[in-house]
Colleague: 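Here you go, one structure.
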Amino acid sequence: MKILVVADEEESVLYENYQPRMMADVNLIIACGDLPAAYLDFLTSASNKPLYYVPGNHDQSYVSRPPAGCISLDEQVVSFHGLRIGGLGGSCRYKPGSFMYTEEEMAKRLKKLEKQVRRAGGIDVFVTHTPAAGYGDLEDLAHRGFACFNTFMEEYHPRYLVHGHVHPSYDIHLQRQMVHPSGTVMLNCVGYVMLEIDDASIQKEPPKEKSFLERLWKR
């Protein structure tokens with residue numbers, strides 16, 4: 001499975017200079033926040049690929065006009081062909097506004113998400129806007145990561161955490177890819193990243209239970 005992950009910065013190669021062949025083998029698009037709704041609208045409509053997103057701290061416009069044709073992952077867990085994906089948008093609260101949270105507020109949101117993760121039997125890709133504390137974040141409050149994300153990775157071991165928020169231009173020593181002690185691969189996806197996951201490693205969805213009438217009909 002090939003996933004295009006975008007965040008924070010519009011890429012001309014995906015927009016003004018878009019070529020259909022670039023997206024021919026992409027199965028899914030994930031957006032990690034701070035991108036114009038029109039950009040996400042374009043990506044999903046031009047490629048005819050599903051797009052899941054979480055909001056960033058600069059996405060207040062999503063409240064009145066969410067990206068058309070796209071699916072919000074905020075506080076949600078979904079299964080895409082067996083790949084379990086869950087998301088939490090927003091950043092640390094550094095001023096009043098939408099999609100900004102204190103550490104305590106984000107921890108409460110994460111507890112709600114955990115219930116869905118347990119029902120899904122785990123999580124493969126954790127989609128956030130902000131990185132985990134201590135892993136690719138910065139010291140200023142606006143770009144500080146959330147400590148509760150570390151606890152979540154230690155408990156549920158997602159294969160990937162994909163995020164944006166911290167632009168590589170902010171720190172020349174910034175690492176775009178790191179591995180958490182839990183084994184989770186953390187990817188800073190500002191701009192875009194192509195993520196490939198071996199189909200054979202994806203947990204296949206169990207067959208759905210037939211309804212009473214379907215079982216009766218088969219007798």
Colleague: Going through the distances and angles, do His81 and Asp199 end up as a side-chain hydrogen bond (donor to acceptor under 3.5 Å, both in side chains)?
Modeller: CA-CA 9 Å; His81 298 294; Asp199 288 347; over 6 Å; no
Colleague: Taking all non-hydrogen atoms of both residues into account, name the closest pair between Ala133 and Asn150 and its distance.
Modeller: O-ND2, 3.0 Å
Colleague: Filter on side-chain hydrogen bond (donor to acceptor under 3.5 Å, both in side chains), then keep only pairs touching residues 9-20, sequence neighbours left out; what's left?
Modeller: Glu9-His167
Colleague: Which residue pairs pass the salt bridge (Lys or Arg N to Asp or Glu O under 4.0 Å) test when at least one of the two sits in residues 87-98, sequence neighbours left out?
Modeller: Arg93-Glu105
Colleague: Please round to the nearest 0.5 Å and tell me the distance separating atom CG of Leu73 and atom OG1 of Thr128.
Modeller: 11.0 Å
Colleague: Under 3.5 Å, side chain of Asp124 to main-chain N/O of Arg159, donor-acceptor pair present?
Modeller: no
Colleague: Taking the side chain as C-beta and beyond, is there a heavy-atom pair between Asp59 and Asp34 under 4.5 Å?
Modeller: yes
Colleague: Could you report the tightest heavy-atom contact between His129 and Val54, atom names first, then the distance?
Modeller: N-CG2, 4.1 Å
Colleague: Could you tell me whether the side chain of Val125 reaches within less than 4.5 Å of the side chain of Ile197, counting heavy atoms only?
Modeller: yes
Colleague: Under the side-chain hydrogen bond (donor to acceptor under 3.5 Å, both in side chains) rule, collect the residues that match up with Tyr39, sequence neighbours excluded.
Modeller: none
Colleague: Once ring pair (Phe, Tyr, Trp, His ring centres under 6.0 Å) is applied, do any residues pair with Tyr62, and if so which ones, sequence neighbours excluded?
Modeller: Tyr53
Colleague: Locate the shortest heavy-atom distance separating Leu51 from Ala31; write the atom from each residue and the value.
Modeller: CD2-CB, 4.2 Å
Colleague: Sequence neighbours excluded, which residues qualify as ring pair (Phe, Tyr, Trp, His ring centres under 6.0 Å) partners of His180?
Modeller: Tyr135
Colleague: Are any of the side-chain heavy atoms of Tyr160 and Val5 separated by less than 4.5 Å?
Modeller: no
Colleague: Would a 4.5 Å heavy-atom cut-off, applied to side chains only, mark Leu113 and Phe126 as touching?
Modeller: yes
Colleague: Cys92 versus Glu103: any side-chain heavy-atom pair under 4.5 Å?
Modeller: no
Colleague: Does atom OH of Tyr192 have more than 12 heavy-atom neighbours from other groups under 6.0 Å away?
Modeller: no
Colleague: Does Tyr94 reach the side chain of Asn57, with side-chain heavy atoms less than 4.5 Å apart?
Modeller: yes
Colleague: To the nearest 0.5 Å, how far apart are CG in Asp74 and CZ in Phe99?
Modeller: 6.5 Å
Colleague: Would you say the side chain of Val166 lies within less than 4.5 Å of the side chain of Val190, judging by non-hydrogen atoms?
Modeller: no
Colleague: Keeping to residues at least two apart or across chains, list the salt bridge (Lys or Arg N to Asp or Glu O under 4.0 Å) pairs with something in residues 129-146.
Modeller: none
Colleague: Closest heavy-atom contact between Gln116 and Val77?
Modeller: OE1-N, 3.1 Å
Colleague: Tell me the closest heavy-atom pair linking Pro168 and Arg176, and the distance in Å.
Modeller: CG-NH1, 3.1 Å
Colleague: Ring pair (Phe, Tyr, Trp, His ring centres under 6.0 Å) with Tyr156: which residues, sequence neighbours excluded?
Modeller: Phe152
Colleague: My understanding is that only residues two or more places apart in sequence, or in another chain, count here; which of them pass salt bridge (charged side-chain N to carboxylate O under 4.0 Å, His left out) with Asp198?
Modeller: none
Colleague: Does some side-chain heavy atom of Leu35 sit less than 4.5 Å from a side-chain heavy atom of Leu43?
Modeller: no
Colleague: Can you sort out the partners of Glu75 under side-chain hydrogen bond (donor to acceptor under 3.5 Å, both in side chains), two or more places apart, ordered by chain and number?
Modeller: Arg109
Colleague: Ignoring hydrogens and geometry, is there a side-chain-to-backbone donor-acceptor pair from Ser91 to Gly56 under 3.5 Å?
Modeller: no
Colleague: With His163, which residues qualify under side-chain hydrogen bond (donor to acceptor under 3.5 Å, both in side chains), at least two apart?
Modeller: none
Colleague: Report the residues that fulfil salt bridge (charged side-chain N to carboxylate O under 4.0 Å, His left out) with Arg65, sequence neighbours left out, ordered by chain and then residue number.
Modeller: Asp41
Colleague: Applying salt bridge (charged side-chain N to carboxylate O under 4.0 Å, His left out), can you list everything that pairs with Arg118, at least two apart in sequence or on another chain?
Modeller: Glu114
Colleague: Do you reckon Leu195 sits in the same ILVMFWY cluster as Met23, going by side-chain contacts under 4.5 Å, direct or chained?
Modeller: no
Colleague: Minimum heavy-atom separation for Ala37 and Pro67, please, with both atom names.
Modeller: CB-CA, 3.9 Å
Colleague: When rounded to the nearest 0.5 angstrom, what distance separates CG in Asp8 from CG in Asn188?
Modeller: 8.0 Å
